[in-house]
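Working notes, structure below.
From a predicted model like this one, the values you see are computed outputs, not experimental measurements.
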Amino acid sequence: MNQLNHELERSIRAALQAAQADGDLPDFAIPGIPVSAPKRAGQGDLSYPAMGLARFARMKPLDIANHIVKRMPVLDFVETIEVAPPGFINCTLSETYLKRQVDAIIAEGEDFFRLDIGAGKKAQVEFVSANPSGPITIGHTRNAVVGDAMARLLEAAGYEVQREYYYNNAGNQMIVLGKSLMLRYQQQLGGDIEFPPDYYQGEYLIEAAADLAREYGDKIRHKDWEYFKDIAEARMFAWINRSLASIDIKHDDFYNETSLFESGCIWQVLEKMRENGRIYEATHWEGADAAEVADVNAKGYEPATWFRSTAFGDEKDRVMVKSDGTPTYTLPDIAYHRDKLERGFDIAVNVLGTDHFSQAQVVKYGVQALGLDPAPIRVIFLQMVRAVRWNAERGEYEAVKQSKRAGDFDTLDDLVAMTSADAVRYHMLARSPNSQLDFDVDQVVKQSNENPVYYIQNAYVRCAGIFREADERDFSDDGADLSLLGDAELRFIRKSLELGNVIEQAVTNYEPHKIAFFAQELAAIFHPIYDQVRVLHSEVPPDVAKARLRFYRAAALVFYRLLRLMGMSAPERM
RNA sequence: GCCUCUGUAGCUCAGUGGACAGAGCACCGGUCUUCUAAACCGUUGGUCGCAGGUUCGAGUCCUGCCAGGGGCGCCA
């Protein structure tokens with residue numbers, strides 16, 4: 001399927017060049033030719049504002065537009081091209097062409113609007129990457145949904161995509177996790193043991209400890225924290241993957257942070273940065289003011305190893321190796337991203353919360369300090385997400401407390417249990433990454449027209465209902481004459497043909513939420529049609545019914561495609 | 001203080017520098033003898049935070065303010 005706006009852009013460009021060659025328009029470097037669908041009826045289906053050329057041509061926009069239109073080639077998808085003041089070129093699509101697209105959509109099926117902008121290119125999406133120290137939270141859930149949708153959209157754009165999870169298992173957190181489980185286990189055995197407040201408080205560790213006590217009794221009483229760490233880590237990781245699988249998310253690859261230590265990779269990276277003159281040893285960073293120096297002196301630090309990130313525009317230098325000889329987590333992070341770049345991805349998308357903004361900057365500086373081009377690394381920063389409920393008494397939304405009491409929502413598992421996998425996926429996706437997301441749990445639970453999840457899925461369900469009925473009546477669309485389709489169906493086809501642009505924009509701007517809004521808009525066009533355009537009705541002539549049945553077959557495929565791009569299911573019944 | 005995001009209808013939010021600013025919900029009023037109510041039709045609703053600037057044209061780009069969220073550690 002071709003993106004008609006791009007085809008029109010090419011034709012306009014050619015016509016413009018021809019007009020320049022003829023001397024009707026002066027020579028100038030032709031800028032971008034943005035063709036888009038106008039908002040209003042009566043302005044055609046695709047439109048280009050030629051006013052932008054006036055400053056280059058030093059002519060009236062209307063005259064420029066006329067010179068272009070005069071030289072436009074005949075295009076099979078175009079019915080009319082008109083000039084409208086103050087200088088728009090408005091193009092109306094051919095109805096014959098649109099009707100033919102019903103068969104074109106059916107022919108492409110699940111590959112409807114698979115683009116080639118990523119053909120032969122490799123993309124990676126690194127997402128979730130939560131430490132295996134607890135369950136998937138509501139924040140991780142947004143990350144998971146956005147990352148997976150991004151991956152699906154990149155695939156639709158033609159990229160070969162790898163989904164990766166950076167498995168952050170080397171830090172201090174994992175030590176605390178191991179010790180936390182060890183203490184919980186000892187408590188299970190009846191010991192009167194104090195549980196430090198900075199250890200993991202979650203009940204899931206108590207449950208894990210209870211399981212251990214049941215299985216082993218006191219046989220592992222004398223094992224050390226590392227033993228418990230391994231158990232806790234494996235258990236948490238299995239839980240995380242189970243939770244992600246419940247919303248149809250699966251990573252291709254898990255990259256262990258520990259491997260960067262075991263291979264010595266982090267020290268190689270540090271040495272390379274040192275060779276490039278970006279590393280120094282000191283008790284405080286080179287640009288520290290008197291107050292900072294006094295503060296550091298008060299703490300009595302030994303010298304640490306610093307990265308001169310200010311050389312790349314950072315506001316202060318960063319510690320790579322702490323004075324106790326252990327690396328900060330930034331160093332393995334830089335090593336990890338070097339490895340990503342060396343694996344040859346054309347695009348390496350990283351989905352992060354905005355609380356990682358500064359960190360991501362430092363990693364980019366670090367990659368530059370290694371002499372590498374960080375351009376393939378693209379970060380989608382997600383603003384905060386919280387679960388909220390409407391408080392009628394106070395007349396405002398309030399955050400749901402992060403507790404395990406009945407009715408409160410804390411984890412992905414909770415969200416899915418109280419709503420559905422599809423609802424979680426849609427609502428987490430249908431928000432610009434730059435916007436904070438209040439996940440209204442009561443709204444999401446509702447199975448009504450207030451909920452776009454079911455509104456969209458119901459479009460597919462309704463198509464499926466027609467096919468079932470047609471099968472029962474042994475009515476087929478063989479030999480359908482698509483010329484019998486009406487204006488309502490054409491509205492739907494026009495909108496469907498915008499899918500390619502939506503995918504392109506979602507991919508090139510790293511804004512996967514666009515697909516969710518498009519799906520809602522398309523459903524809003526579909527439902528009124530379904531209400532009016534009946535297939536198996538006594539007053540519908542058989543040849544018209546055939547054409548309409550074929551149309552709904554195409555419509556069902558479009559919705560199936562959209563639902564899959566969002567990682568949602570396409571149910572036959574509701 | 002610095003960085004960053006947000007501010008658009010009563011609420012939740014869309015909005016490629018283009019034409020008269022959109023959707024859902026809420027509110028009000030209608031529609032199920034047909035494959036159809038998780039649906040459809042209609043009504044109401046705006047100083048696009050404020051002030052400048054760039055431009056033929058600004059919700060969109062720039063600057064400055066105001067308000068709110070997040071981040072700025074030898075934590076991860």
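On the P atoms, B:rA26 is 13 Å away from B:rC40, given to the nearest whole Å. Look at the C1' atom in both B:rU6 and B:rC13: the space between them is 12 Å, to the nearest Å. Nucleotides B:rG59 and B:rA14 are separated by 12 Å at their C1' atoms, to the nearest Å.
Tested against A:V385 for a side chain to side chain contact (heavy atoms under 4.5 Å, CB included), the candidates A:T137, A:I138, A:D438, A:N143 yield a single pass: A:I138. With A:Y167 as the fixed residue, the ring pair (Phe, Tyr, Trp, His ring centres under 6.0 Å) test singles out one of A:F254, A:Y255, A:F237: A:F237.
Taking the charged nitrogens against the carboxylate oxygens, A:E281 and A:R274 do have a contact shorter than 4.0 Å, which makes a salt bridge. Ion pairing of A:D314 with A:R318 is present here, as a side-chain N (NZ or NE/NH1/NH2) and a carboxylate O approach within less than 4.0 Å. A salt bridge links A:K495 with A:E498: the closest approach of a Lys/Arg side-chain nitrogen to an acidic carboxylate oxygen falls below 4.0 angstrom. For the pair A:E472 and A:R468, the salt-bridge criterion is not met [side-chain N within less than 4.0 Å of a carboxylate O].
No side-chain donor from either of A:Q383 and A:N434 sits under 3.5 Å from a side-chain acceptor of the other. Under the 3.5 Å distance criterion, with hydrogens and angles disregarded, no donor-acceptor pair is assigned to the side chains of A:Q505 and A:T508.
Phosphate contact (OP1/OP2 of B:rU12, side-chain N/O of A:R431, threshold under 4.0 Å): absent.
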Fill in the dot-bracket string of RNA chain B, one character per base: . for unpaired, | for a pair to another strand, ( ) or [ ] for pairs within the strand, taking Watson-Crick or G-U pairs under 3.5 Å. (((((((..((((....[...))))..((((.......))))......(((((..]....))))))))))))....
Could you write nucleotides 69-76 of chain B as a row of B, S and -, 5' to 3', where a protein heavy atom under 4.0 Å of any base atom gives B, of only sugar-phosphate atoms gives S, and otherwise -? BSSS-BSB
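In this structure, A:S538 and A:Q520 both approach RNA chain B, and ranking their closest nucleotides by distance from the 5' end singles out A:Q520.
Stacking of the aromatic ring of A:F517 onto the base of B:rA23 is not found under the criterion of centres within 5.5 Å and planes under 30°.
Among the protein residues, A:S36 comes within range of the nucleic acid bases, having at least one heavy atom under 4.0 Å from a base atom. Counting non-hydrogen atoms under 4.0 angstrom, A:P34 reaches nothing in the nucleic acid.
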